[in-house]
Amino acid sequence: MLAEPGPACGRFAPSPTGPLHFGSLIAALGSFLEARAQHGQWRVRIEDVDVPRTAPGAADAILRTLESYGLLWDGDVWFQSQRTERYQAALEALSRAGRLYPCTCTRRELAGCQRGADGSPLYPGNCRAGPRQPGRPHAFRLQVGDACLTFQDAVQGERHQRLASAVGDFVLRRADGWFTYQLAVVVDDADQGVTEIIRGADLLDSTPRQLYLQRLLGLPTPRYGHLPIAVDARGDKLSKQTHAPPLDDQNPGPALWQALRFLGQCPPDDLLKAPPAEILDWALTHWRLNRVRAIVAHAAK
Ligand code: GLU
Ligand code: ZN
C-alpha cells in the first residue's frame, strides 16, 4: 500500500532588510493560501543569515504586518541567525564528501568575469586546484561539476539549468564567516519539514542550486512554484531599492484584494473593504494555484 502523503507545510521567509511591501505580500499570501488550502501548516522564518544587511526593528515590523493582514503562522518564528550550528554541520558534511574548496578570490578580482544567470560573476575556477592566495581569509565554494537540474515548477512549468554555465561553483560560506542564503535555505526548509515552496520568480534561478544541495545532503525536495513579480510603473521590481511603499498595517483590505487579483484570483468587489479575515476566508475557499500566470510581470496599483 502506498503511504499517505504527510501534511503539507508552506513557509514565508522574508529577509529583514525593511518593511513588507506589495511584492512581499504576493509571496506571503501565495504561500499561505497554497499551504492552508491543503489544510497544511504555514511557517514564518526570518532570513537574517546575512546579519550585516538586516535593518534594526525590521523583523518585528514584518511580523506585526503579517498579523494585521490576518496571515497568522503556525509554531514559532525561526531566525536564521540562531541556526549557525546547523549550517556548519551541513558544510562539514559537504566537506567530508570532498565537494568544497577554499577560495581566496575577492569581489574585485572577479569583477571582470562573465556574468551568470543572476547577474553575479560566473566563477572561473581560479582556486579549484588550491587557493590562489593561501594566507588570505577564504570562502568555501561548492564544486558543481557538470550537474544539470530539471524540475517541474507548479506555476512556470518545466525548468532546466546547467549549474556550471548558469551559476558556476557557488559560495556556501563567505570569507567573512557568514553562511550564504543558498545553504541556509536548504537546511532550514528540510529542518522545518517544508513541502511547498511558493515564492517570487526572482528566486527561480536559485532553485536548481537548492535542488543540488538537497541531493548532496540527502534531503527531500519540496514542490516549487514561482509567482510573477510585481513591478512599479517603470518596470522595476518592487523592493526597498526601488522605494516600494511599505504595506499599510491600518488598512489591509485593499492590498489583500489587489494581491489576490495579481495572483489571478477574482475576489468580488464587495470584499474590497472587508476585514482581512473575511477576505482570507473567501480566498481559501476559492484559491487555485493554476490561475496564477506564468512569469509576466504586472504593475502594482
Ligand atoms: N529571504 C528571501 C527573500 O526575502 C526569500 C527566500 C525564499 O523564499 O527562498 O528574498
Ligand atoms: Zn578563488
Side-chain angles (χ1 to χ4, degrees), residues 10-21 23-32 34-35 42-51 53-55 58-59 62 66 77-81 83 100-113 118 121-134 136-143 153 168-175 179-190 192 194 196-211 213-214 221-227 229-230 237-241 244:
R11 52 56 158 195
F12 176 54
S15 303
T17 53
L20 296 182
H21 48 73
S24 2
L25 179 61
I26 301 294
L29 182 63
S31 62
F32 174 90
E34 182 62 14
W42 185 66
R43 313 286 312 260
V44 171
R45 178 169 79 230
I46 300 291
E47 298 213 317
D48 56 353
V49 70
D50 191 350
V51 176
R53 278 190 59 228
T54 63
I62 288 171
L66 291 174
V77 174
W78 282 25
F79 288 82
Q80 290 188 323
S81 54
R83 295 191 28 85
L100 300 185
Y101 61 90
C103 165
T104 54
C105 301
T106 60
R107 205 181 283 263
R108 188 178 310 161
E109 284 165 354
L110 299 176
C113 295
D118 62 1
L122 200 54
Y123 187 66
N126 303 346
C127 301
R128 232 177 255 147
R132 280 282 176 93
Q133 304 283 339
R136 273 194 201 163
H138 58 80
F140 278 108
R141 283 187 190 270
L142 180 74
Q143 250 163 15
D153 188 278
D169 291 349
F170 56 99
V171 173
L172 299 185
R173 203 183 79 181
R174 300 189 331 212
F179 290 95
T180 60
Y181 159 69
Q182 304 294 349
L183 181 68
V185 77
V186 162
V187 171
D188 289 347
D189 284 331
Q192 286 191 298
V194 171
E196 309 282 317
I197 297 186
I198 304 294
R199 59 185 178 186
D202 52 332
L203 292 161
L204 200 45
D205 287 331
S206 287
T207 303
R209 270 171 280 183
Q210 296 171 17
L211 298 173
L213 281 169
Q214 287 152 5
T221 287
R223 171 172 171 255
Y224 287 89
H226 289 84
L227 307 171
I229 300 298
K237 178 192 160 199
L238 297 184
S239 69
K240 204 175 95 186
Q241 288 71 30

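Counting convention: from 1, in listed order, for ligands and their atoms alike.
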Sorted by chain and residue number, the residues having a heavy atom closer than 4.0 Å to an atom of ligand 1 are R11, A13, P14, S15, E47, Y181, V185, R199, L203

Applying ring-ring contact (aromatic ring centres under 6.0 Å, His included) to F12 and not counting sequence neighbours gives none

So CG of L172 and CZ of R141: to nearest 0.5 Å the spacing works out to 9.5 Å

Distance col, row Q133:CD vs C103:SG, nearest 0.5 angstrom, shows 10.5 Å

The expected count of protein N/O/S atoms at less than 2.8 Å from the Zn ion (ligand 2) is 4

Worksheet item: For F79, is the NZ or CZ atom of R45 found under 6.0 angstrom from the centre of its six-membered ring and inside 45 degrees of the ring axis?
Response: no

* **Other residues, nucleotides, ligands: >12 heavy atoms within 6.0 Å of R136 CZ** => yes

Contacts satisfying salt bridge (Lys or Arg N to Asp or Glu O under 4.0 Å) that involve residues 198-208 (not counting sequence neighbours) are D202-K237

Looking at D118 and R209, does any basic side-chain N land under 4.0 Å from a carboxylate oxygen?
-> yes

E34/R223 ion pair, N-O < 4.0 Å: yes

Side chains of V187 and F179, heavy atoms from C-beta outward: is any pair under 4.5 Å? no

